[in-house]
Each structure stands twice: as structure tokens, then as C-alpha cells.
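Side chains are part of it too, since the values below use all heavy atoms of this structure and drop only hydrogens, waters and symmetry mates. Read the numbers this way: they start at 1 and go in the same order the structure lists the ligands and their atoms. Because the structure is predicted, anything quoted here is derived from the model rather than measured.
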Amino acid sequence: MMLYDGKPVNFTRFKNLPPYPFERMRALLGGITPLDTSAGLNMSLGEPKHKVPDFVTDILHRERASYNKYPPIQGTTQWQAAVAGWVTRRNNLKPGVVTADHLVPLCGSREGLFSIGLAVINRRKNGQIPLVLSPNPFYQPYAGAALCAGAETIYVSADMNGMPDYAALPEEILARTALAFICNPSNPEGRIAGRNYLAKMIQLARKYDFTLASDECYSEIYDDVPPVGMLDVCYQLSRQGQGSRDHPFQNVVVFNSLSKRSNLAGLRSGFMAGDPKIVSELLRMRPYGGSPLPLPIQAASAAAWDDEAHVSLSRKLYGQKFDLAEKYLSGKFSFTRPAGGFCLWLEVGCGEEACRKLWQMAGIKTLPGVYLARDDEDGRNVGAPYIRLVLVHDNDLLEPALEKIAITL
Ligand SMILES: Cc1ncc(COP(=O)(O)O)c(C=O)c1O
């Protein structure tokens, strides 16, 4: 038990949240000294290593005098125009469909994925404790969103098509659902959802009146085919007469950020876009507890959303990393080349054991898959046989590490 001034700490709010995966990994590896670090690499953290675009640092410097101002919560008109423009182009929307009323600036998408729960989950749904649907394995803030909003979470593993099929859940669960997360491309598996699946999820959200939150932060890192955006599918449905033409994004919001797309994880700049009713609810909450994006960051972000050259270059470099992974890991550990994102999800028997071994033998850090998933009712954890590792480092560091992984495991 933790003690403070000799007394037990009795906060219970977060007792159902396990320590974050990186903390668990550090505990797992604590006290082990690697025997060989010649190919040592931290492949556990999804932090892009490609260069920060020069124009971003130039703008941050140029706009530095405005750090003395409180920035607008809903974004500057320049930020709104750039993000609306990008969302429009990326989702094949008619210009003018996305306006400022459809957007919320976020300090990275994580805080939005967390706070959306507080904005859209009522204390009761149809007289019962509300539910949140989450993929399993999943990006951990989804669990925080549910817990802090007083909801329970139903974790749903991917079906044969690689995505969680929420439509197959029993009626009584769907009737209690207030919020459902989809991660597309999926982290950690690197799968991409098809148009039909997304359409089915949108229709389900409307039928049972829950918020569908699509986490698309890996959308610009893909192998061959760009992932279809959730707002693209909403718009197509509305043009086919499904859903309102005036409100094509009803019940749906998407999250994206510059962290992965533009190698700007430290800038903390993202957005939520979609249903104006949900947007206005989040904007109503944010003056009380949200953080606006500093003005220089809004200016630099606008320029980043307007530019695709640095994104295509990055995508090409990720393609080379996928090639290297394929060279060393193809045919091993159920390797599949990621369709999107930059994670590998390798089936290694026992993920924790493999993680310890890779650290001890080769100084390579990976994440045990068990930390990214929750146990099912039978106590089985779908992530347990896996490790997750990220393809973010330059090729000269990555290649020896991949070769070492293939030899060591
Ligand atoms: C699936 C997924 N969603 C969202 C995020 C949040 O990224 P950020 O807050 O930097 O936008 C991450 C970060 O690793 C992620 O892996």
C-alpha cells in the first residue's frame, strides 16, 4: 500500500486503470543490464524520428511575440481555414461542407480522445450505466475516457476482417452504448478499415444514438492505399440519402494530429472534426478545463496542414522501413507488413518473455502486447502472445536492430 505522511493513500478514482504500458515495461526490464548493445534501440515508443519541417520552426520563431496572448479556444481563422481545407481535401468533401463549427483545436489528439468522454457521456443511458466500446488491443486513453466519465468499457477484439465488429454485440449492450472508438489505421496491428465497415459503424451509431469517435492519427502513414476517412464515408452516405444532407457527420467525430503525419509529436497539435453538436459540447467544456493551442503553434500548424510535400517524403521513408522489416522478419512471428501506421505486431509466444529477452540479449526495447489489451471474461488476454515495436528510426539504426530481433527470438 502507498503511504503518505504515514497514512494510506485512499484515492480510488483511478484504481481500475493499470499503470501505463511504458511504466509496466520499465518495471519488467528494471534491474536487467543488456549483455550486448551494439544494435540497441528503443523500439517501444511511437515517436517519429524524421526531421521537423524547417518552415514549422521558422514560423514558431517568427510568431514568438504572440506568446503573451491568450489564444482563442476555437482556433484562429487561419488555423480553422487550414484544417477545414485539409479535412475537405483528405475526405473528398465539397468545399464549404466543413466550417469552423465542425472543428476543435487540440493539444495533440490524446487529450481530445480522453475529454470526448466527459463531453458526450451522460450519467445514464436508457436508465443504465453507460458503456464505451473499445477495440482490444487499443490505445490506452480510450480506457481513461470511459472511466473518468463514469462509464464501463466493453473491449471487442478484431474479427476475421481485422476490425472490432460492434454490430455483432447484443442489443442490450448497444442500447447502453454512449461512445465507441475506432482506430484506423489500427494501433498496434497496422490494419486499415474498409469503406463498408465504416459505413456499417456509422449506421450503428445513428441507430443506437451513440458517438462514434474515429482515431485517425496514423492516417497519413500507409503502404500503398490511403485509408478511407470516416468523414468521407459519412459524406458519401448522405449523398446516397442515408443521413441528413445538411448534417452529414451526425453522431461522428474524427481525431487527427501532426504528431505522426508531420513528425511533430512534441508540438502537441491536433484537432477533432465532425458533428457540430458534439463539437459545440466539447467547446462548451474547454474554457473550464481545456488548453487552447498557443498562437505560434496555431500558425505553424496551419502551415503544416497546408503542406503535403514533407508528408509524402516521410511516407516514402516509412516504405523503406517496411521493406527492411519484411527483409528480416517475413515468414517469422506471423509478420505482416503494416497497411497503415508504423507499428509491428509480432506473435512471439509470450510477449513479456520476448521483451525481456530482447532487452537482455540485445538492448532492444519493445512493448509486451499484454499491456495494450485487457483480459476477456475467461482471463485470456489477446495481446499476451505479442510484442509491439515501432519502425521510426533511421535505416542505419533500424536494420541492425531488425536483424538482431530475428536472430535473438
Ligand atoms: C492510436 C493513437 N491515437 C492517438 C495518439 C495520440 O497522439 P497525439 O496526442 O500525439 O496526437 C497516439 C499516440 O501515440 C496513438 O498511437
Side-chain angles (χ1 to χ4, degrees), residues 20-23 25 42-50 52 56 79 83 86-87 103-117 132-146 155 158 162-164 179-193 212-222 227 229-230 253-273 282 290-293 297-298 300-301 304-305 311 314 318 338-345 365-367 369 371-373 383 388-392:
Y20 210 68
F22 298 109
E23 211 178 314
M25 178 196 68
N42 182 357
M43 299 181 81
S44 66
L45 181 66
E47 182 182 79
K49 303 286 181 209
H50 298 158
V52 169
V56 167
W79 180 92
V83 174
W86 186 82
V87 170
L103 303 174
V104 181
L106 298 170
C107 297
S109 56
R110 176 175 52 191
E111 60 118 349
L113 290 161
F114 171 77
S115 52
I116 186 66
V132 170
L133 309 182
S134 167
N136 199 29
F138 63 100
Y139 181 53
Q140 301 296 297
Y142 308 161
Y155 296 99
M163 287 280 150
L179 171 66
F181 287 105
I182 285 177
C183 189
N184 182 34
S186 63
N187 171 6
E189 306 97 319
R191 298 190 192 115
I192 289 182
L212 183 62
S214 185
D215 176 356
E216 300 184 350
C217 86
Y218 289 99
S219 68
E220 304 317 291
I221 301 169
Y222 50 82
M230 184 72 90
V253 284
V254 302
F255 293 84
N256 214 320
S257 88
L258 296 172
S259 298
K260 319 288 180 187
R261 174 187 179 270
S262 300
N263 322 316
L264 289 168
L267 191 71
R268 308 313 300 137
S269 176
F271 67 81
M272 183 184 90
L282 195 57
S291 255
L293 284 183
I297 293 184
Q298 295 204 35
S301 302
W305 289 113
V311 186
S314 220
Y318 282 115
F342 49 54
C343 300
L344 294 185
W345 187 233
K365 265 190 196 159
T366 57
L367 258 191
Y371 303 164
L372 297 172
R388 188 194 79 171
L389 49 98
V390 295
L391 302 175
V392 292

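- In terms of modelled atom types and a separation under 3.5 Å, the side chain of Glu47 and the main chain of Ala265 share no donor-acceptor contact.
- Under the side chain to side chain contact (heavy atoms under 4.5 Å, CB included) rule, Leu389 has a single partner from Thr366, Asn42, Leu367, which is Thr366.
- Those atoms of ligand 1 with a heavy atom of Ser257 less than 4.0 angstrom away are 8 (P), 11 (O).
- Of the listed residues (Tyr139, Tyr318, Phe342), just one forms a ring pair (Phe, Tyr, Trp, His ring centres under 6.0 Å) with Tyr218, and that residue is Phe342.
- Judged as a salt bridge (charged side-chain N to carboxylate O under 4.0 Å, His left out), not a single pair has a partner in residues 135-146 (not counting sequence neighbours).
- Under the 3.5 Å distance criterion, the side-chain polar atoms of Glu111 are left unmatched by any main-chain donor or acceptor of Ser109.
- Evaluated by nearest non-hydrogen atom to atom 15 (C) of ligand 1, the leading choice among Phe138, Phe181, Phe342, Tyr139 is Tyr139.
- Short contacts between ligand 1 and Cys217, defined as distances under 4.0 Å to a heavy atom of the residue, involve ligand atoms 2 (C), 3 (N), 4 (C), 5 (C), 12 (C), 15 (C).
- For atom 7 (O) of ligand 1, the nearest non-hydrogen atom of the protein is Ser109 OG, 3.5 Å.
- Annotation for ligand 1: atoms under 4.0 Å from non-hydrogen atoms of Ser259 are 8 (P), 10 (O), 11 (O).
- Listed by number with element, the atoms of ligand 1 under 4.0 Å from a non-hydrogen atom of Leu113 are 4 (C).
- With a 4.0 Å cut-off on non-hydrogen atoms, Cys183 touches ligand 1 through its side chain and not its backbone.
- At a heavy-atom distance under 4.0 Å, only side-chain atoms of Tyr218, from C-beta outward, approach ligand 1.
- Tyr371 meets the ring-ring contact (aromatic ring centres under 6.0 Å, His included) test with no other residue; sequence neighbours excluded.
- Those atoms of ligand 1 that come under 4.0 Å of a heavy atom in Arg268, given as number and element, are 8 (P), 9 (O), 10 (O).
- Shortest contact from atom 16 (O) of ligand 1 to any protein heavy atom: Asn187 ND2, 2.8 Å.
- Nearest heavy-atom pair across Asn187 and Arg388 is OD1-NH1, 3.1 Å.
- Looking at Ser186, its side chain does come within 3.5 Å of a backbone N or O of Arg191 through a donor-acceptor pair.
- When only non-hydrogen protein atoms are considered, atom 13 (C) of ligand 1 lies nearest to Lys260 NZ, 3.2 Å.
- Where the criterion is an N or O separation shorter than 3.5 Å, residue side chain and backbone included, Tyr142 fails it with respect to ligand 1.
- At least one donor-acceptor pair closer than 3.5 Å links the side chain of Gln298 to the backbone N or O of Leu293.
- The contact set between ligand 1 and Gly108, taken as ligand atoms under 4.0 Å from a residue heavy atom, comprises 9 (O), 11 (O).
- The shortest separation from a heavy atom of Glu111 to ligand 1 is not under 4.0 Å, leaving the residue out of contact.
- A donor-acceptor pair under 3.5 Å is formed between the side chain of Asn256 and the backbone N or O of Glu216.
- The protein non-hydrogen atom at the shortest distance from atom 1 (C) of ligand 1 is Asp215 OD2, 3.3 Å.
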